[in-house]
Amino acid sequence: LRGIGGYANVAAMTKPGFRGNFYSGVGLDRADALRRDATWVAARQTDPKSRVVLVWRNRNLIRRADEIDAVWLRITEMTILDDSEAEPVFLGRDGDTAVFAADLSHLAEAEAQDLAAEHGVFEDLRAVGPLMPRRNGAILAYARGLLYWHRRHRFCGICGSATVSDQAGHVRRCTNTGCGAEHFPRTDPAVIMLVHDGDRCVLGRQKIWPPGMHSTLAGFVEPGESLEEAVAREVYEEVGLAVTNVTYESSQPWPFPSSIMLGFRATCAYAPMRFDTDEIESADWFTRAELHASPEDESFRLPRRDSIARRLIEDWLAEE
Ligand SMILES: [Zn+2]
């Protein structure tokens with residue numbers, strides 16, 4: 001896949017030299033006007049140039065040969081997609097190649113494995129995302145997130161009737177003619193923030209995380225608050241600190257299952273923390289020297305390389 005220029009050029013939209021976070025940079029023309037045209041979409045589904053990526057129960061089909069990568073299948077060769085349950089969704093255009101995603105979650109495990117065997121394996125993208133070409137990882141994340149939303153919205157939240165996919169998978173429409181509600185794909189905003197006093201930053205850990213892992217604080221935005229307010233509230237709830245000077249850094253699609261992480265930095269005077277042990281197992285202030293010397297083992301490690309948390313920490317570390 002070649003990608004598009006123009007509006008998809010992250011460096012041109014943000015700071016010079018800025019490289020987007022992992023799972024951003026899909027670089028497909030989402031073709032909003034064309035995807036509303038059912039005739040055009042149907043023609044793309046029978047076009048031998050069109051490609052499809054497959055998802056089974058939140059796992060993407062991954063090639064695990066010499067290099068880990070996405071598997072692009074020719075949509076016209078995928079007779080399994082004739083099964084109405086698989087309903088391909090249109091992700092976008094790469095030049096004149098239409099790219100679709102299809103969900104095979106209705107297949108039993110053995111059937112899914114048989115289907116995958118020729119091409120690769122169905123795997124959790126989080127296990128291989130950092131190892132594959134960035135853009136292809138972003139496309140697989142987009143596919144996973146959009147298909148997850150479809151599986152969770154088969155019934156209308158207003159009247160309870162069945163919904164059907166429309167606009168090539170970018171809306172679900174209620175089949176009850178008396179209702180007809182349209183439901184659009186959801187992304188849940190979460191704030192994630194590096195809190196620092198200049199020389200030290202705040203990292204915490206949750207019990208459910210891998211042993212030793214410490215990360216920035218984060219939490220979901222609630223109805224009726226701005227992003228800055230969400231940052232301040234989460235920091236206060238988790239560690240009892242009052243932040244000032246909340247500034248936006250960058251964002252990351254995190255469709256595991258359905259979030260977008262909005263990355264911030266906030267300053268705070270050095271103070272002891274008090275933390276709610278239900279949510280946070282521990283939290284502390286760390287100097288740059290301490291983080292540079294991280295043993296990256298079960299006693300202490302930084303968050304995963306593909307996370308915006310790691311990006312926020314590394315950008316701060318680079319400023320000494
Ligand atoms: Zn309805």
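Residue numbers start at 1 and run along the sequence shown. Just so you know, ligand 1 is whichever comes first in the structure, and atom 1 is the first atom listed for that ligand.
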Would the Trp40 and Phe90 ring centres measure less than 6.0 Å apart?
yes
Short side-chain to backbone donor-acceptor contact, Asn60 and Ile62, under 3.5 Å:
no
Could you tally the protein N/O/S atoms lying less than 2.8 Å away from the Zn ion (ligand 1)?
4
Is the closest basic N to carboxylate O distance between Asp166 and Arg35 below 4.0 Å?
no
Return the orientation label for the His214 and Phe300 ring planes: parallel under 30°, perpendicular over 60°, tilted otherwise.
parallel
Does Asp306 pair with Arg304 as a salt bridge, N-O distance under 4.0 Å?
yes
Residue set satisfying side-chain hydrogen bond (donor to acceptor under 3.5 Å, both in side chains) with Gln45, at least two apart, ordered chain then number -> none
